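Everything numeric here is computed off the predicted structure, so don't read it as measured data.
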Amino acid sequence: MYEILKPCLFALLLMKEKNKLFYILLFVLALAVNFAGINVKFFTDDPGLYASISRNLLYRKDIFELFTYNQDWLDKPHFPFWMAMLSFKIFGISVWAYRLPALLFFLLGLLYTWLFTKKHYGTEIAWIAVLILATSLHVMMSNTDVRAEPYLVGLVIGSIYHISRLEERFSFFDLLLAALLTACAIMTKGIFLIVPIYGALLGQLVFQKKFRHLFQVKWIVLMLLTLLFTLPEFYALYIQFDLHPEKLVFNKHHVSGIKWFLWDSQFGRFANSGPIKRQSGSLFFYVHTLLWSFAPWCLLFYYAVYENIKQIAFKRKLTEYYTLSGGLLLLLLFSLSGFQLPFYTNSIFPLFAIITAPFCYKQLSRFGTSYRQLSLWAYIILLPLAILVVHYLSQPANTLFFVIDCAVAGLIVIFIGVKAGTPQLKVFLLTCTAALFVNFYLNTVFYAEIVNYRGEIKAADYINQKAFDRYHIYTLRNENNVFQFYTKKPVDFIPLNTFAAFKAATLSAFYVNHRSMDSLVVSHASFRVLKAFQNYPQENILPAFINKATRSTVLDSVYLITK
C-alpha cells in the first residue's frame with residue numbers, strides 16, 4: 001500500500017503548510033474508513049458468489065474455467081476472479097483476502113486520480129479530487145460490498161492517465177501501461193469499458209481540433225496491444241464454451257463464450273437483447289441515483305458539468321476534456337440502456353471527482369458560491385442526521401464504534417472550525433468529515449447488525465460442525481451464494497422441482513430458503529428439518545428492518561433439511 005501511495009504522500013509533504021495538515025488528516029482517515037469493512041462478513045449475494053468462484057479456481061487448479069455449484073458459469077469476465085484467487089493463494093481463504101486486491105486497485109485509483117489532476121490542475125486540486133473520490137458514498141460502500149467496481153476505479157482512470165501522456169508525446173512505458181490497464185478493465189467488466197477510455201481521448205482531440213492526431217500510428221498500436229493483453233480472456237472462454245457446444249448454458253446449447261463476451265455480456269444488456277434481461281430503465285435513473293451514490297458531491301458535480309458545458313458552448317478553452325468526455329459518454333450509455341444498477345457508475349467516479357474538484361476550491365460567481373455552500377451544507381447536515389436516526393431506531397447491541405465515530409468526528413469538526421481558513425476550504429473539509437462519519441458507522445456498526453440476520457451464514461456455521469462431516473451438501477436455488485462460500489465443503493445444486501424424486505447416495509443435507517420451503521410444503525414433499533435460522537431475505541434495507549420495533553415483520557426463516 002505504501003509503495004502505491006508514496007508519490008502522493010511525498011507531494012503532500014511538499015504542499016504549503018496552511019492546508020497540508022487538513023489533507024493529511026482526512027486522507028489518513030479516509031483510508032482507515034475504506035479499509036474498516038475489510039473483514040465484515042458477506043451480507044449480499046454477489047460477493048459470496050464471486051468469492052466462491054475464485055475459491056473454486058484454486059481448488060480445481062484451473063485458472064481458466066469458472067464454476068459455481070459444480071456447474072459452468074458464464075456471467076462475468078475473469079480478471080477479478082484471478083485477483084481474488086491469487087489473494088486466496090497467498091493469504092488463505094477469507095473474506096478479507098477476497099476484498100484485499102479490490103482495495104489495492106481502489107488505492108491505485110486514488111493514485112491515478114492524483115497524478116492526472118496534478119498534471120492538469122495542480123497539487124492542491126489533486127488532493128481535493130482524491131478526497132472527493134475517497135469519500136464518495138457508493139465508492140466506500142463498494143469497498144465493503146466488493147464486486148467489480150473497485151477494480152474499475154483504478155483501471156479506468158489509470159488507462160486514461162497514460163493515454164493522456166501518450167497523446168502529448170510517445171512513450172513505450174505509457175503505451176504499454178495504457179494497453180495493459182485497458183485490457184484488464186475489459187477483462188473485469190466487458191468490452192464496453194472502451195467507451196470511457198477511448199471516448200476520453202476522442203473528446204480531447206475533437207474539442208482541441210486535433211483531428212489528424214486521431215489517425216496516428218500509436219493509437220493503432222495501442223488497440224493491437226490491448227487486444228494482445230485481452231487474449232487470456234478469449235482463450236478462457238473458448239476452451240470452456242466454444243470448444244464444447246454440447247454444454248447447456250442459459251437453457252441453450254451451442255453458446256459461444258466469445259460472442260457472449262463481445263456482445264451479450266454488456267452491449268446485449270444495454271440493448272436488453274442478451275440472455276439476461278431486465279425491464280427498460282428510466283432515462284433519468286442516474287440523475288437521481290447519483291444524489292446518494294455520489295453523495296456528498298453530486299449537486300456540486302451537476303453544477304461543474306453545467307459550467308464546463310457552458311464554457312464549451314461559448315467556445316472557451318477548458319483545462320482538459322478527457323474527464324468530461326469519458327465520464328459523460330459512459331453516463332449517457334448507461335442512462336439509455338435498459339439495464340441499470342446503482343454501482344455501474346462507480347467506474348467513472350474518478351472522472352466525476354476530477355470534474356468537481358476545481359469547483360470546491362476556486363472563486364465562483366455570487367450564485368456559484370451560494371450554490372456550493374448550500375449544496376454541500378445540505379449533505380453536511382443530512383448525512384450525519386440520517387445516521388443518528390438509524391442508530392436510534394435500530395438500537396444495535398454494540399455501540400462502542402458509534403461512540404468512537406461521534407467522538408472523532410466531533411474533534412475534527414472543532415479542529416476545522418478553529419484552524420481552517422477560507423469558507424470554501426472549511427465547507428469542503430466538513431463535507432469530507434460528514435461522509436467519513438457515515439461510512440465508518442456503516443462499516444463498523446450497521447453492516448454487523450445486518451450480518452446477525454443473515455441465515456445463510458448461520459446455516460453454514462451449523463453444517464460445518466463435525467457431526468455433518470459425512471453429509472453431502474446441496475442447495476435448491478443457485479442464488480444462495482453466501483451459504484456456498486461459508487460452507488467448508490463443496491455445495492451442489494439440484495433444481496427445486498427435482499427434490500421429491502432425488503435419491504441421495506449418501507447422507508445429505510439441503511439448504512432451503514423460505515420460498516423453497518413453501519414450495520416443498522405445497523407439493524407435499526417428504527423431508528425432515530434439521531435446523532431453522534432467522535433470516536432477513538432482502539438486499540435492499542427496508543425502513544421496517546432498520547426499526548428494531550418492526551424488524552420481525554420483515555424477517556423469515558431459512559432451513560437445513562434432510563430426506
S.K.: I need the minimum non-hydrogen distance between Ile157 and Pro350, along with the two atoms involved.
M.R.: CB-CB, 3.8 Å
S.K.: Quick one about Asn70 and Arg60 (side-chain donor to acceptor, distance below 3.5 Å, no hydrogens or angles considered), yes or no?
M.R.: yes
S.K.: Is the backbone of Thr68 close enough, under 3.5 Å, to the side chain of Gln484 for a donor and an acceptor to pair up by distance?
M.R.: no
S.K.: Has Thr487 got a side-chain atom pairing as donor or acceptor with Lys489's backbone, closer than 3.5 angstrom?
M.R.: no
S.K.: Is the distance from the ring center of Phe241 to that of Trp260 below 6.0 Å?
M.R.: no
S.K.: Applying side-chain contact (heavy atoms from CB on, under 4.5 Å), can you list everything that pairs with Val521, at least two apart in sequence or on another chain?
M.R.: Met517, Phe527
S.K.: Taking the six-membered ring for Trp and the single ring otherwise, decide whether the centroids of Trp73 and Phe81 are under 6.0 Å apart.
M.R.: yes
S.K.: Once side-chain contact (heavy atoms from CB on, under 4.5 Å) is applied, do any residues pair with Thr553, and if so which ones, sequence neighbours excluded?
M.R.: Ala544, Thr550
S.K.: Compare every heavy atom of Leu66 with every heavy atom of His78, then report the nearest pair and how far apart it is.
M.R.: NE2-CG, 3.5 Å
S.K.: Taking the six-membered ring for Trp, is the centroid-to-centroid distance between Tyr474 and Tyr69 below 6.0 Å?
M.R.: no
S.K.: Does any N or O in the side chain of Asn34 come within less than 3.5 Å of the main-chain N or O of Ala30, such that one atom is a donor and the other an acceptor?
M.R.: yes
S.K.: Holding to ring pair (Phe, Tyr, Trp, His ring centres under 6.0 Å), I want the full list of residues that pass it with Tyr511, two or more places apart in sequence or in another chain.
M.R.: Phe483
S.K.: Do Thr562 and Arg528 have side-chain atoms, one donor and one acceptor, less than 3.5 Å apart?
M.R.: no
S.K.: Kindly state each residue pair satisfying side chain to side chain donor-acceptor pair (under 3.5 Å) with at least one member in residues 236-248, sequence neighbours excluded.
M.R.: Asp72-Gln240, Asp72-Lys247, Asp242-Ser256, His244-Glu246
S.K.: Does Glu449 pair with Lys548 as a salt bridge, N-O distance under 4.0 Å?
M.R.: no
S.K.: Just how far is it from atom NE2 of His138 to atom OG1 of Thr289, taken to the nearest 0.5 Å?
M.R.: 9.0 Å
S.K.: Tell me whether Lys89 at atom NZ has more than 12 heavy atoms from other residues, nucleotides or ligands lying less than 6.0 Å away.
M.R.: no
S.K.: Which residues satisfy the side-chain contact (heavy atoms from CB on, under 4.5 Å) test with Ala504, sequence neighbours excluded?
M.R.: Phe502, Ser508
S.K.: Cut-off 3.5 Å, side chains only: do Thr44 and Asp145 have a donor facing an acceptor?
M.R.: yes
S.K.: Can any side-chain N or O of Lys76 pair as donor or acceptor with the backbone N or O of Thr188 at less than 3.5 Å?
M.R.: no
S.K.: Does the Lys189 side chain pair with the main chain of Tyr151, one donor and one acceptor, at a distance under 3.5 Å?
M.R.: no
S.K.: Verify the ring-centre separation between Tyr441 and His391: is it less than 6.0 angstrom?
M.R.: yes
S.K.: Tell me if the centroids of the rings in Phe533 and Tyr559 come within less than 6.0 Å of each other.
M.R.: no
S.K.: Kindly write out the residues that satisfy side chain to side chain donor-acceptor pair (under 3.5 Å) with Arg55, not counting sequence neighbours, or none if the list is empty.
M.R.: none
S.K.: Taking Asn443 for the side chain and Phe35 for the main chain, is one N or O donor matched with an acceptor at less than 3.5 Å?
M.R.: no
S.K.: Is it true that the NZ or CZ of Arg551 lies under 6.0 Å from the centre of Phe545's six-membered ring and within 45 degrees of the ring axis?
M.R.: yes
S.K.: Before accepting this row, confirm whether a basic side-chain N of the pair Lys41/Glu456 lies closer than 4.0 Å to the acidic partner's carboxylate O.
M.R.: no
